[in-house]
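Note sheet for the following structure.
Order of the sequence lines sets the chain letters (A, B, ...), proteins ahead of strands, with each chain counted from 1. It should be emphasised that the depicted structure is a prediction, and the values quoted were computed from it without experimental measurement.
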2 protein chains.
Amino acid sequence: MTGDPEALEPHELATLFALTEAANLLQHQVEQHLRAEGDLSYVQFQLLARLASTDGPLTMTQLADGVVYSRSGLTYQAGLLEQRGLITRGPSPDDERATLVAATDEGRALVEAILPGHVQVARRMLFDPLSADDVRRLGDVMGRVRDHMRAQPPRSAAPRRRAARPAPER
Amino acid sequence: MTGDPEALEPHELATLFALTEAANLLQHQVEQHLRAEGDLSYVQFQLLARLASTDGPLTMTQLADGVVYSRSGLTYQAGLLEQRGLITRGPSPDDERATLVAATDEGRALVEAILPGHVQVARRMLFDPLSADDVRRLGDVMGRVRDHMRAQPPRSAAPRRRAARPAPER
DNA sequence: TATTGTTATACTCTATAACTATA
DNA sequence: TATAGTTATAGAGTATAACAATA
């Protein structure tokens, strides 16, 4: 149990905790803002923003990628967004199994209306205490980290298999 | 609507998105691990780890700080941890309104049993693609950001007031 | 009166499994 | 047989408000 060769250095642990706590605090403030401003959850905003910044429509699977980790969860959220007229869903000509999703004009308008405030929260919480050089390097580092994480595990929604043994008690 | 003096530079937006996406991916993997290894949610792990790394007991309010954003949410989670014998709750001698919370030996043992795997996930997901210098600087930057965020808003659990108008329809 | 914590309750969200339909 | 998506359902988690007790 002790003496792991893989153990983190103390300053690595501090880095990990600082990163996660900061991310949590940021996310909480962002969620407050998104809910107040556009009555959107963070997940809904991510989905909508992704669609709004895309030219053509996306399939459900493409839309889920990296945001939602179960198919049914995406269907649920997409249903909510569709009910509000922010997105549309329709069959795909190419693959009749697929559903194509796109943002409506109203959906794009909502994203544009929310984005300035969103960005203001990020500025106040995240960027204010950083120098321009800090930001540049943070972006570089986190970009690499994100790409690495994306490549790592089966990141898309739908581990159709998986043991998932019910907590093997030891 | 347009021409905000507060708007973010494109590379700032990219930094924000990289940070949040990476944090989400990391958190998801961490949650998978914590659930499989110790049958704990991320919030429960944070609470337990905070208590385990503390000498004396904490009040509920102190324990909540930065982790949970509603009093009732903490009461709920503390109830679960207490049921499992991982923490104890008792009255405070100093302030009879307060509840003092402490980790049990079993609780500390669980944290220690989980931590190596936790750290391994972090290494695989976060630290692997980074140089030692990257990590050092990331820790510095995120430490500053965290401290800044902590100081910013009413971060503790219990905004007893707040308008919370029911989604003012426009 | 203000603060600490709990309880009741309603609601949102997520995940598993079963199911349909197409490739 | 494998993949895309939906549905049903159950469970976990959160937040609001009302409450009791102490400062």
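Atom CD of B/Gln27 and atom P of C/dC13 are 16 Å apart (whole Å). Per the geometry, CG belonging to A/Leu34 stands 16 Å off C1' belonging to C/dC13, to the nearest Å. Straight-line distance from the OH atom of B/Tyr69 to the C1' atom of C/dT12: 18 Å, rounded to whole Å. Taking atom CD on A/Gln83 and atom P on C/dT12, their separation rounds to 11 Å, with Å as the unit. Between the CD atom of A/Glu96 and the P atom of D/dG5 there is a distance of 13 Å, given to the nearest Å. Distance CE (A/Met60) to P (C/dA21): 18 Å, rounded to an integer number of Å. Distance, B/Gln32 CD to C/dT16 C1': 13 Å, rounded to whole Å. The NE2 atom of B/His28 sits 10 Å away from the P atom of C/dT14 (whole-angstrom rounding).
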For residues 13-24 of chain A, run the donor-acceptor check on the side chains, cut-off 3.5 Å, and write out each pair with its distance to 0.1 Å, sequence neighbours left out.
residue : atom : partner  : partner atom : Å
A/Thr15 : OG1  : A/His11  : O            : 2.8
A/Thr20 : OG1  : A/Leu16  : O            : 3.2
A/Thr20 : OG1  : A/Phe17  : O            : 3.1
A/Glu21 : OE1  : B/Arg150 : NH2          : 3.1
A/Glu21 : OE2  : B/Arg150 : NE           : 2.8
A/Glu21 : OE2  : B/Arg150 : NH2          : 3.2
A/Asn24 : ND2  : A/Thr20  : O            : 3.4

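Using modelled atom types, one finds a donor on one side chain and an acceptor on the other under 3.5 Å when comparing B/Ser131 with B/Asp134.
Between B/Asp140 and B/Arg144 there is a salt bridge, since a side-chain N of the basic residue sits under 4.0 Å from a carboxylate O of the acidic one. Under the 4.0 Å criterion applied to side-chain N and carboxylate O atoms, A/Arg123 and B/Glu12 are assigned as salt-bridge partners.
The hydrophobic clustering, which links ILVMFWY residues whose side-chain heavy atoms are closer than 4.5 Å, places B/Phe45 and B/Leu80 apart.
For the pair A/Pro93 and A/Gly73, nearest-nucleotide mapping onto DNA chain C gives the more 5' position to A/Gly73.
Between B/His118 and B/His33, the two ring planes are tilted [angle within 30° to 60°].
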Tabulate atom names and distances for all N/O pairs under 3.5 angstrom spanning the protein and nucleotides 7-13 of chain D.
residue : atom : partner : partner atom : Å
D/dG13  : OP1  : B/Arg35 : NH2          : 3.2

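Out of D/dA15, C/dT22, C/dT4, the shortest distance to the side chain of A/Arg97 is found at C/dT22.
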